[in-house]
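Everything below concerns the one structure shown next.
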4 protein chains.
Amino acid sequence: MLDAAFEEFAAHGYAGAKMTAVAQRAGVAKGLVYHYYPSKEALFRAVMQACLEPVFAEAEREATDEDVPATVMLERLLDLAYAEREGQERQCILFRLIVAEGQRFPELSAWYEEAVFRRAVAIARAVLRHGARRGEFDAALAEQEGMAEVLLAPAIMNEVWRMMLGEGRAPSRAGMHAAQAALLARALAPGGMDARGGGRDAGGKEGNAACPATRRATSAP
Amino acid sequence: MLDAAFEEFAAHGYAGAKMTAVAQRAGVAKGLVYHYYPSKEALFRAVMQACLEPVFAEAEREATDEDVPATVMLERLLDLAYAEREGQERQCILFRLIVAEGQRFPELSAWYEEAVFRRAVAIARAVLRHGARRGEFDAALAEQEGMAEVLLAPAIMNEVWRMMLGEGRAPSRAGMHAAQAALLARALAPGGMDARGGGRDAGGKEGNAACPATRRATSAP
Amino acid sequence: MLDAAFEEFAAHGYAGAKMTAVAQRAGVAKGLVYHYYPSKEALFRAVMQACLEPVFAEAEREATDEDVPATVMLERLLDLAYAEREGQERQCILFRLIVAEGQRFPELSAWYEEAVFRRAVAIARAVLRHGARRGEFDAALAEQEGMAEVLLAPAIMNEVWRMMLGEGRAPSRAGMHAAQAALLARALAPGGMDARGGGRDAGGKEGNAACPATRRATSAP
Amino acid sequence: MLDAAFEEFAAHGYAGAKMTAVAQRAGVAKGLVYHYYPSKEALFRAVMQACLEPVFAEAEREATDEDVPATVMLERLLDLAYAEREGQERQCILFRLIVAEGQRFPELSAWYEEAVFRRAVAIARAVLRHGARRGEFDAALAEQEGMAEVLLAPAIMNEVWRMMLGEGRAPSRAGMHAAQAALLARALAPGGMDARGGGRDAGGKEGNAACPATRRATSAP
DNA sequence: CATGAATGAGTCTTCATTCAT
DNA sequence: GATGAATGAAGACTCATTCAT
């Protein structure tokens, strides 16, 4: 029934959704919906709750595996962020609902901050710090305020554009993935020029290696 | 009256907006709204039309001034993208409406693509190419597919987060601005190591110089 | 302008007619209609008034021309009644409006009685009396109460059916005209007492027996 | 509820009827009306449907009873046609609604033709043919085209006038009934050639002379 | 005379919510 | 638990009418 409700809210937004339609989608009578959820608003909250719960969970340990080189962790992070994940569409819809109804349901925004934004930033920051400590990344740059957000933004924005423009007209995942990988490889490579050449090569490698993205669940938006 | 309608739609979304409320905001009678716009949908389209018309216009010539060094053009572009512009709130609201109602009003998405997305990407691409031609940027990297989008995404995402999380909890403009400026400076600087040191310094400068952003109108999202 | 109003009322009835549409049909502004007629109701009355005025006028002298044989007068009367007259469509529409709006505008019914019904009956009655006096018609039958109405009904009903069923499916004017002419010729012809007596008695019986009508369902209209 | 709707439509016509009033008459809430009928138009159609269904049914076998003399059958037919029947008022109102709304609801006219007009004409024609075959009626006259319609018209018109003018001012049922009965008795009686021949010739002449109708204005309805 | 912008009461219609079964 | 008939407040939309120009 929550699935049915999610679809209805996704299709028409909160105000446009009809309880009758929810019941029909679920194949039950209107009254039964009210048997479980006292009101439309309660149903909406429950739907959001149910959608938001199972996200993340994993993906956090990725960043805490100290043995992996930072360049590999970064690679993995980008793979995850740009991956075409199962259930991604639902997450995009969720993102849209939060954007659309965030004003009326402040808890949505609060939840987004806690469950998505903070965690994602924390992960990105951990990867950057890891690289800085191991000397793989230029420390000053990698630990600069705002760098984690800059790191995450392109992949998220890619999904937003995909949602807004449709699959066909949005920028390709692979293109942005490769471009960002190359950009980061050159920028984060530490200091001196000799490292440069290597850094650049590595960057090229990463850029190429990035495309066959591993399919594991994270939260892009 | 379109202003009143915009506010109402912004506050409640399409389905949640009330024609009566629009009339009240505009200080006129309900009937008069219908005198000018035959239906709620027509009003919504007119509002969007009116909001979308005056955007852009300028900002396009920025990227076509061949005499300016590419690093300066890039600096200016970031300044614009991260600037706290007048009318920005309206544009964010617009963005939110397009995200929320894009399904029901495909023209909105279409307009966004043409009037915002394509233009913004074109400008970013022009700056990158300019730098590549002048030898200021690493040509292969600067002209890589998807780089323009990667360049634009952080500033836009910054606004999206600001919209979703509120002024207080969103990442600061200045922080992301500086981080991205530094990142780009290191990444785009062409080849050799000697340039490196200078490039880094320049990057640092740019990062600092970026914060006192010039206040001119563009369209971040 | 009255023409325009007539068309509008004819097309949509009183409640369904719109003042704006009247103005448009007339090619003037809404306000001008109100300049001449203070309200929709007043306009409707004026339209009816204007439509009802020019009817009749002639046709009354027909029946008072004493020199013409009654059979000829009757023939002329039927010719007139069944004739496909110019302006007949308007009269049918008028009839329909009176049927439809007679409840809300009692004056319409009143006018119909005075200006149409009574005059028509008077004319028919005059023709019948004329024939009775000249010995062309069987006096008892021709002057019987209700005979004038029976005489008029078929031609009127023919128009009503035409209006209800459309030109194609309604009974033909010529057919009913000929049938009624033949019927009246045989019935009204005087004399033939042997057959007469029986026929008359039977008729009288039938007439009397008719009143205690059996109560079973049929379809009057 | 259909009853309530019928009353409302009867009282104010289609456009003038209010759904609220229908609900009030039925003693239910407005919403319940919409629970059963999706729109005003659907309700109207349902009302008409329900009204039109139970009409007729019987009355058809009347004309197929071969053992009864045609004069008796004719007598019964007139009795039925002029009878003050229960539910007659509803039928008159129905007739009025069909006249008034027939343009907007073509199905009404179609139904009237099939369910009322054709059947009634068929019955009248059967009676006339029955009389012709048994030698009770003059065959040529009784089977003449249009005779059935001429036979039915006065009784129907009597109801129409009653509806338009009110009970008090309309011609009496009994009067028209008796007059028509007498008329038919004399006209349909077979034979009587002396008087007959002249009368018939005159009739034939009139019938033929009728067609080239003079075009002058009168008022049929 | 003529216009049409402006008004707002009134209608149709929707839909969240209740409740007897 | 499960149903769906019933409710009525609320919202989109209409249109007769007014009035400044």
Side-chain angles (χ1 to χ4, degrees), chain A residues 1 5 8-9 12 14-24 26-44, chain B residues 1 5 8 12-24 26-44, chain C residues 1 5 8-9 12 14-24 26-44, chain D residues 1 5 8 12-24 26-44:
Chain A
M1 196 157 83
E8 178 68 11
F9 284 124
H12 302 101
Y14 178 78
K18 304 174 198 172
M19 294 300 271
T20 302
V22 170
Q24 274 175 338
V28 300
K30 217 183 331 177
L32 194 53
V33 179
Y34 280 92
H35 189 74
Y36 291 114
Y37 307 98
S39 71
K40 187 184 185 179
E41 189 175 323
L43 175 62
F44 184 70
Chain B
M1 197 157 86
E8 178 68 12
H12 302 100
Y14 177 77
K18 307 173 196 170
M19 294 300 270
T20 303
V22 171
Q24 274 174 340
V28 300
K30 210 185 338 175
L32 192 55
V33 180
Y34 283 93
H35 190 73
Y36 291 114
Y37 308 98
S39 69
K40 188 183 184 178
E41 187 175 326
L43 176 62
F44 185 70
Chain C
M1 197 156 84
E8 177 68 11
F9 283 124
H12 302 101
Y14 177 78
K18 304 172 198 173
M19 294 300 270
T20 301
V22 171
Q24 273 175 337
V28 299
K30 216 186 327 179
L32 195 54
V33 179
Y34 280 92
H35 189 76
Y36 291 115
Y37 308 98
S39 71
K40 187 182 185 180
E41 189 174 327
L43 175 63
F44 185 70
Chain D
M1 198 157 85
E8 178 68 11
H12 302 100
Y14 177 78
K18 305 173 198 174
M19 295 300 269
T20 303
V22 170
Q24 274 174 339
V28 299
K30 215 183 331 175
L32 193 55
V33 181
Y34 282 94
H35 190 74
Y36 292 114
Y37 307 98
S39 70
K40 188 182 184 180
E41 187 175 326
L43 175 62
F44 185 70

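Below, chains carry the letters A, B, ... as their sequence lines are ordered, and counting in each starts from 1.
Contacts of A:Ala17 with the nucleic acid, taken as non-hydrogen atoms under 4.0 Å apart, involve only primed sugar atoms and P, OP1 or OP2. Within the nucleic acid shown, C:Tyr36 comes within 4.0 Å of sugar-phosphate atoms alone, with no base atom in reach, counting heavy atoms only.
Nucleotides of DNA chain F nearest to C:Ala15 and B:Tyr14 differ in position, and the one nearer the 5' end is that of B:Tyr14. If you find the closest nucleotide of DNA chain E to D:Glu41 and to A:Pro38, the one lying nearer the 5' end belongs to D:Glu41.
Judged by distance alone, the side chain of D:Glu8 and the main-chain N or O of D:Met19 form no donor-acceptor pair under 3.5 Å. Judged by distance alone, with hydrogens and angles left aside, the side-chain atoms of A:Lys40 form a donor-acceptor pair with the main-chain N or O of A:Tyr14 at under 3.5 Å.
Spacing between atom NE2 of A:His35 and atom P of E:dC19 amounts to 15 Å, rounded to whole angstrom units. Rounded to whole angstrom, the span from the NZ atom of A:Lys40 across to the P atom of E:dT14 amounts to 15 Å. As a whole-Å value, the separation of D:Tyr37 OH from E:dT14 P is 16 Å. With rounding to whole Å, C:His12 atom NE2 is found 12 Å from F:dA16 atom P. In this structure, D:Lys18 places its NZ atom 14 Å from C1' of F:dT14, rounding to the nearest Å. Per the geometry, CE belonging to A:Met19 stands 16 Å off P belonging to E:dC19, to the nearest Å. As rounded to whole Å, 11 Å separates atom P of E:dT11 from atom CD of D:Gln24. Look at CZ on A:Phe9: it is 13 Å from P on E:dC15, rounded to the nearest Å.
Atom NZ of residue B:Lys18 and atom CD of residue B:Gln24 lie 9.0 Å apart, to the nearest 0.5 angstrom.
Put simply, the side chain of A:Lys30 does not reach to within 4.5 Å of the side chain of A:Val33, judged on heavy atoms. No side-chain heavy atom of D:Leu43 sits under 4.5 Å from any side-chain heavy atom of D:Tyr36.
Nearest approach of C:Met1 to C:Leu32, heavy atoms of both residues: CE-O, 4.3 Å. For the residue pair D:Ser39 and D:Tyr34, the shortest heavy atom distance occurs at CA-CE2, 4.1 Å. Across B:Ala15 and A:Gly16, no two heavy atoms sit closer than the pair CB-N, 3.7 Å.
Contacts between residues 26-34 of chain B and DNA chain E, defined by a heavy-atom separation below 4.0 Å, involve B:Val28, B:Ala29, B:Lys30, B:Gly31, B:Leu32, listed by number.
The strand DNA chain F forms stems, runs of 3 or more Watson-Crick or G-U wobble pairs with distances below 3.5 Å, at E:2-21 with F:2-21.
Annotation: F:dT21 and E:dC1 have their P atoms spaced 23 Å apart (nearest Å).
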